[in-house]
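The structure appears right after this line, and notes come after that.
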Amino acid sequence: MNNVELAQTFEKIADLLEIKGEVIYITLAYRRAAESLRILGQEADTYRATQPLTSIPGIGKAIAEKITELLDTGKLGFLEKLEAEVPVSLLEILEVPDVGPKKVALFWKQASITSLNELEIAAQERQLRSLPGMGEKSEQRILEGIAALRRRSHRMTLGVARPIGLRWIEWLRAQPCVLQAEFAGSLRRWRSTIGDLDLVAACEDPSALMAAFTGHPDVERVLGQGENKSSIELKSGLKLQLWIQPAANFGSLLQYATGSKEHNVRLRELALKQGWSLSERGLTSPDGKLVSYPDEESLYQALGLLWITPELREDRGEIQAALAGKLPALLHTSALKAELHSHTTWSDGVSSIREMAEAARQRGLKVLAITDHSASLGIAGGLKAEDLLKQRVEIDQVQKELGSDILLLQGSEVEIKADGTLDHPDEVLARLDIVIASLHVSLRQPRKEITERLLKVMRNPHVDIIGHPSGRLLPNREGADLDMDAVLTSAKEHGLALEINANPARLDLDEVYARRAAEMGIPLTINTDAHSSTDLDLREYGVSVARRAWVEPEGVINAWPVEKITVWLKSRGRK
DNA sequence: GCCGTTTTCGGCCCGACTGTTTTCAGTCG
């Protein structure tokens, strides 16, 4: 059982216990443990070989025993007993918006409803309104909720959400009373996928702004409307929330709406220890006096903290670090000097070598590696060995024309074939300036097989970088079922670099393994995998992964001085 | 169920909004 499966098991336990009516803090403990496992960056099975599971935050004696049972037997007696008490099909009802554990228990115990279909029929037949605490409106809301659930649009990638968020900010700032407006939530934290869009505004006439918001022409339904907070569903299915506060309190509001929820909980606990109570309205002193904060910096400062960049606000140690004055010095896009993964018209790119080089130079890059696909990736027009010789001539020519402003490297993104061999023979790889090996096909191989396939490639001394290691495609296609512990260990052993692919549909390595890799001292490389010159602007998405992974500039090859990059390549046997 | 520069027991974040209610419970973020 891997960490994701363990986490899902504990989330299921939490849901079932909540419906059962267990004390809320017990369910919270299971959820916290699940999250800890998700971000561990090392399989629990490997972890326990060197240190006790109870050293993981949020995991104590009871949950550690359950993990051990799951790892050793694949089963959990506690869960089996629980499932015999609480029907698992109730969990699908829990997904309905505005239906929580209390309502689920009510439907189950008082109306014998145990599935989504039964709930829908009962609502259609007007049987729910007679239950205690229910009425006509609640019944209608449940029918709407079921419909919303069925047409639910899945999470968006960051690359889709950012332009939408920016347009809404523009709209907000154009409204008459608005003094400040930002997007908040997971979009501001640069999470790789985004569910709903959270917006905040400072405005002295909130009711007018709320009316404009809920009356926007793109609105399909108004989900809620109040003085300080409203939420809408657009015709596209996207949900938006808007919070409004006076400008004097914009910092508290922005902080609150940015989250994450877990970060905010920790922050409030910290405030409480210092005798304050924290909310989106500001800090309340023990004698009930409310203090507002116009910006986030002053709010964090009031709690004795350095300002924490939104990317770190996930309750992964950032508050302790800020208290100790030891926040990481994170990477900025402007620090990137190199792009080591790009495609041109020689394979499936749309820009020429010259256009790519010019675009890279304009963006302040000092190194550009041209890494077109290898032959077997037929769909991408991959290059054969003889094509590489011809391409080298063109690269040399462009290099001569552009002079020393930018260093062009000839590389290849070599296909890792299903049997674990590479698409070019070693003598061809040896002639190149840099080699990326990537998985594109047969990603569904069983864990053992696909891990061994990748490890075999990593042992080849002519491979410098593993491109987008998992092969995932956001928001929906899972990556390969790799044993990442083994992959990271091998990268460390062979001095290989692992890529953080900056394409918002990839962001692969993800932040969990990027953090682990950096801790292990494995060099990371942030590349856009550009298929056009404008794709070079995707660098900021890759940087966001590194930032969320606490990676500092020294850990990223692209942020090294050019001389250090060439020294690294030489150390790998490149000329 | 977890955790400890107040505590190994007794705490564990906070407010807005909705609907059903005459003061509050449930849900959400």
Side-chain angles (χ1 to χ4, degrees), chain A residues 10 13-14 17-19 21-36 53-67 78 94-107 128-142 144-145 184-186 189 195-200 206 210 214 222-231 239-245 249 252-253 255-284 290 303-304 315 319-320 323-324:
Chain A
F10 290 122
I13 290 174
L17 285 176
E18 218 173 358
I19 293 170
E22 183 57 271
V23 181
I24 188 68
Y25 298 109
I26 293 180
T27 67
L28 282 175
Y30 280 106
R31 288 191 213 286
R32 172 112 203 275
E35 176 62 11
S36 274
L53 291 168
T54 48
S55 62
I56 301 169
I59 291 179
K61 189 163 167 284
I63 293 183
E65 280 171 7
K66 292 185 173 71
I67 294 173
F78 176 79
L94 205 51
E95 298 287 308
V96 179
D98 300 321
V99 176
K102 297 281 164 48
K103 291 256 177 69
V104 172
L106 175 77
F107 300 149
L128 296 181
R129 58 182 66 181
S130 56
L131 294 169
M134 293 288 295
E136 208 174 319
K137 280 188 181 169
S138 306
E139 197 175 63
Q140 194 53 39
R141 223 175 154 86
I142 281 171
E144 279 171 18
S186 48
R189 302 199 311 280
D196 304 342
L197 211 60
D198 299 304
L199 303 166
V200 294
M210 283 306 184
T214 55
V222 177
L223 302 168
Q225 180 169 8
E227 209 176 316
N228 302 302
K229 178 185 160 187
S230 288
S231 74
K239 285 184 198 156
L240 272 70
Q241 290 191 87
L242 173 64
W243 284 268
I244 303 177
Q245 287 277 311
N249 197 39
S252 305
L253 176 64
Q255 194 288 316
Y256 162 80
T258 298
S260 67
K261 192 173 190 303
E262 291 74 20
H263 174 86
N264 286 358
V265 168
R266 291 282 161 260
L267 213 55
R268 287 179 193 141
E269 279 174 5
L270 179 70
L272 219 49
K273 271 190 207 154
Q274 301 173 4
W276 298 83
S277 168
L278 173 64
S279 78
E280 64 266 43
R281 301 180 155 279
L283 282 173
T284 309
L290 183 67
L303 293 168
D315 187 29
I319 291 176
Q320 296 87 322
L323 271 173

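The analysis underlying the following values was restricted to heavy atoms, covering all of them including side chains, and did not include hydrogens, waters or symmetry mates. Naming convention: chains lettered A, B, ... in sequence-line order (proteins, then strands); numbering from 1 in each chain.
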Against the side chain of A:E269, the closest entry in B:dC12, B:dC17, B:dA16 is B:dC12

Considering heavy-atom distances to DNA chain B, does A:A62 or A:M210 have its closest nucleotide positioned more toward the 5' end? A:A62

Remember a base hit wins even if backbone is also touched, and classify A:R266 as base, sugar-phosphate or nothing at under 4.0 Å, heavy atoms. nothing

Considering only the C1' atoms, how many Å lie between B:dC2 and B:dT8, rounded to the nearest integer? 12 Å

For the P atoms, the ones on B:dC28 and on B:dT23, what distance do you get once it is rounded to whole angstrom? 26 Å

Decide, yes or no, whether a salt bridge links A:K61 with A:E65 under the criterion of side-chain N to carboxylate O below 4.0 Å. yes

Assign A:K239 to base, sugar-phosphate, or nothing according to its heavy-atom contacts below 4.0 angstrom with the strands shown. nothing

Short side-chain donor-acceptor distance under 3.5 Å, A:N228 and A:E280: no

Between B:dT7 and B:dC12, how far apart are the two C1' atoms, rounded to whole Å? 13 Å

Taking the C1' atom of each, how far is B:dG10 from B:dT6, in whole Å? 12 Å

Does A:K66 make a cation-pi contact with A:F10 (under 6.0 Å, within 45 degrees of the axis)? no

Could you run down nucleotides 19-29 of chain B 5' to 3' and tag each one B, S or - for protein heavy-atom contact under 4.0 Å? SS-----SSSB

Check this one for me: any side-chain N or O of A:Y25 less than 4.0 Å away from OP1 or OP2 of B:dG1? no

Can A:R32 and A:E35 be counted as an ion pair, charged N to O under 4.0 angstrom? no

For B:dT27, which nucleotide in any strand shown is its Watson-Crick or wobble partner with both distances under 3.5 Å? B:dA16

Does A:S231 reach a base, just sugar-phosphate, or nothing at all? Heavy atoms under 4.0 Å. nothing

Write down the distance separating the C1' atoms in B:dT27 and B:dT20, rounded off to the nearest Å. 14 Å

Measure the shortest side-chain to side-chain distance between A:M210 and A:L242 over non-hydrogen atoms and say whether it is less than 4.5 angstrom. yes

Could you tell me which non-hydrogen atom of A:S252 sits nearest to which non-hydrogen atom of A:G282, and how far apart they are? OG-CA, 3.4 Å

Can you find a pair of side-chain heavy atoms, one from A:I142 and one from A:M134, that are under 4.5 Å apart? yes

Answer yes or no: does atom CD of A:E269 have more than 12 heavy-atom neighbours from other residues, nucleotides or ligands under 6.0 Å? yes

Inter-nucleotide P distance (B:dA16, B:dT21), Å rounded: 24 Å

At their closest point, which heavy atom of A:A33 faces which heavy atom of A:I63, and how far apart are they? CB-CD1, 3.7 Å

Please report the distance separating the P of B:dC9 from the corresponding atom of B:dG15, rounded so that it comes out in whole Å. 32 Å

Which atoms of nucleotides 6-10 of chain B (N or O only) lie under 3.5 Å from a protein N or O atom, and what are those distances?
none

For a quick check of understanding: with a heavy-atom distance under 4.0 Å over all strands, which category does A:I26 fall into, base, sugar-phosphate or nothing? base

When the P atoms of B:dG1 and B:dT5 are compared, how many Å lie between them, rounded to an integer? 23 Å

Considering every strand and a 4.0 Å limit on heavy-atom distances, what is the contact class for A:L278: base, sugar-phosphate, or nothing? sugar-phosphate

Test item: A:L267 and A:L278 side chains (from C-beta on) under 4.5 Å apart, heavy atoms: yes

Pairwise 5' ranking along DNA chain B for A:R32 and A:S279, keeping only the more 5' one: A:R32

